[in-house]
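Indexing begins at 1, ligand by ligand and atom by atom, following the structure's order. Computed over heavy atoms, backbone and side chain alike; hydrogens, waters and symmetry mates excluded.
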Amino acid sequence: VIAEAAKEMDIKCYVIGGYVRDYLLQRGIPKDIDIVAVGSGIELAKKVASKLSGKPEISVFKNFGTAMLKNKGVELEFVGARKESYHFDSRKPVVEDGTLEDDQKRRDFTINALAISLNKDDYGTLLDPFDGISDLDNKLIRTPLDPDITYSDDPLRMMRAIRFASQLNFTIFPQSLDAITENKDRIQIISKERIVDELNKILSSPTPSLGLGLLHKTGLLEYILPELTALQGIEEIEGQRHKDNFWHTLEVVDNISKHTDNVWLRWAALLHDIGKAPTKKFDKKIGWTFHGHEFVGSKMTYKLFKRLRLPLNDKMKYVQKMVLMSSRPIVLAEDFVTDSAVRRLIFDAGDHVEDLMTLCEADITTKNPKKQKQYKN
Ligand code: CTP
């Protein structure tokens, strides 16, 4: 239908971006399809809508030159091929009409710049001027232009690079990775909502430590979740050391991700030790302690959600509750759990007792098999 509409309008059009990437990676058929027209994307969308049976929902965004068409659960986004240039302090680009290749050049990564023709004379042909196919084969995230330009055009792309690396288990091309480290402070011009969207995608990926580790390595994490980077490091006093709670946290997030897709439980794993940085003390008698870190951590969770503009709703309360209780079963197990203690735990966890147990199991780090068994029991 799209090809037919474009032919009638005598313009060229292509499928581009995530749909092509995911189709080639056989990641299932995506529900969002981006169409680029060498001409008016809005007019093409209107023409397509008029040809589809039923009444497809169409939304036109005149300022952006785009139109969205919803049909049978599929979202089609139409845009006219464009050349974009950005001003240093703003996310709003200066936009001019362009060729398909101009449009591919303005995109974030070579694997997202692949286009498939919908035109009669070369229907189905893959157009790949930046060798995105080799990057798909070699599992590489690479920018079509100099990465400094691509990231400076839209600093959210630094997080997108890391998010795709984490979702797809790809490597970020070394020059692209260095450019993230160099441009990291530019992330501050990006809205919290967009940052959190990417963070949630990293947390939902199969092995979140891949993305979280890269956020840390490039220095982006310091801007986004300083509560976590504050956990890094091991101190030693009088020959006594504590574990590195940052790397431990990443291990816990990976462990829990093997058991659940619940992104809020993954958030709880990510935040379960954040109270340890402000409560850390060395006591001559007992060594390192983090007394009360669960309470402090649950208060910090509220502040962190507020700062990141995450909704302060029942999901936040759930994460807070998990953070508050995450260490208690271990403490109880060490003290030889009494029935009443278990009852209290179950009472406090309410409907989420199984989630809490999963979180606690993900947090068991002792290498001693006897203790492991005791904790699990
Ligand atoms: N894009 C870009 N720069 C951005 C965001 C998007 O160049 N900051 C381009 C990419 O070509 C991308 C396409 O717009 O493929 C669509 O963006 P989006 O829907 O956000 O991402 P997808 O690549 O489709 O991936 P996903 O659906 O997993 O988010």
(request) Check ligand 1 against K201 and write out every atom of the ligand that is under 4.0 Å from a heavy-atom position of the residue. (result) 29 (O)
(message) Given Y318, which partner from the list D351, N262, N313 fulfils the side chain to side chain donor-acceptor pair (under 3.5 Å) test?
(response) N262
(request) Examine ligand 1 and decide if any of its atoms is less than 4.0 Å from a heavy atom belonging to L156. (result) no
(message) Just verifying a value: how many Å separate K243 NZ and H248 NE2, rounded to the nearest 0.5 Å?
(response) 4.0 Å
(request) Would you mind listing which atoms of ligand 1 come within a distance below 4.0 Å of any non-hydrogen atom of D34? (result) 13 (C), 16 (C)
(message) I want to know if ligand 1 touches R194 in the polar sense, i.e. an N/O pair below 3.5 angstrom.
(response) no
(message) Is there a side-chain contact between T110 and F173 in this structure, where contact means two heavy atoms from C-beta onward sitting under 4.5 Å apart?
(response) no
(message) Using a 4.0 Å cut-off to any heavy atom of R157, which atoms of ligand 1 qualify?
(response) 2 (C), 3 (N), 4 (C), 7 (O), 8 (N)
(message) If we count only N and O atoms by modelled type, under 3.5 Å, do the side chains of D283 and T289 hold a donor and an acceptor together?
(response) no
(request) Number the atoms of ligand 1 from 1 as they appear, then name those within less than 4.0 Å of a heavy atom of G17, with their elements. (result) 15 (O)
(message) Regarding atom 20 (O) of ligand 1: of the candidates E77, R160, E198, which has the closest heavy atom?
(response) R160
(message) Between E235 and K280 (salt bridge meaning N to carboxylate O under 4.0 Å), is one present in this structure?
(response) yes
(message) Between D135 and R21 (salt bridge meaning N to carboxylate O under 4.0 Å), is one present in this structure?
(response) no
(request) For R163, take its heavy atoms, then give the atoms of ligand 1 lying under 4.0 Å from any of them. (result) 26 (P), 28 (O), 29 (O)
(request) Mind checking whether D154 contacts ligand 1 via backbone (N, CA, C, O), side chain (CB onward), both or neither, at a 4.0 Å heavy-atom cut-off? (result) side chain
(message) Any atom of ligand 1 sitting under 4.0 Å from a heavy atom of E75?
(response) no
(request) For residues M159 and I195, determine if any side-chain heavy atom of one lies less than 4.5 Å from a side-chain heavy atom of the other. (result) yes
(request) Would you mind listing which atoms of ligand 1 come within a distance below 4.0 Å of any non-hydrogen atom of G18? (result) 15 (O), 23 (O), 24 (O)
(request) Record the part of D22 in heavy-atom contact with ligand 1 below 4.0 Å; permitted values are side chain, backbone, both and neither. (result) neither
(request) Decide yes or no for L250 and D254: does some side-chain heavy atom of the first lie under 4.5 Å from some side-chain heavy atom of the second? (result) no
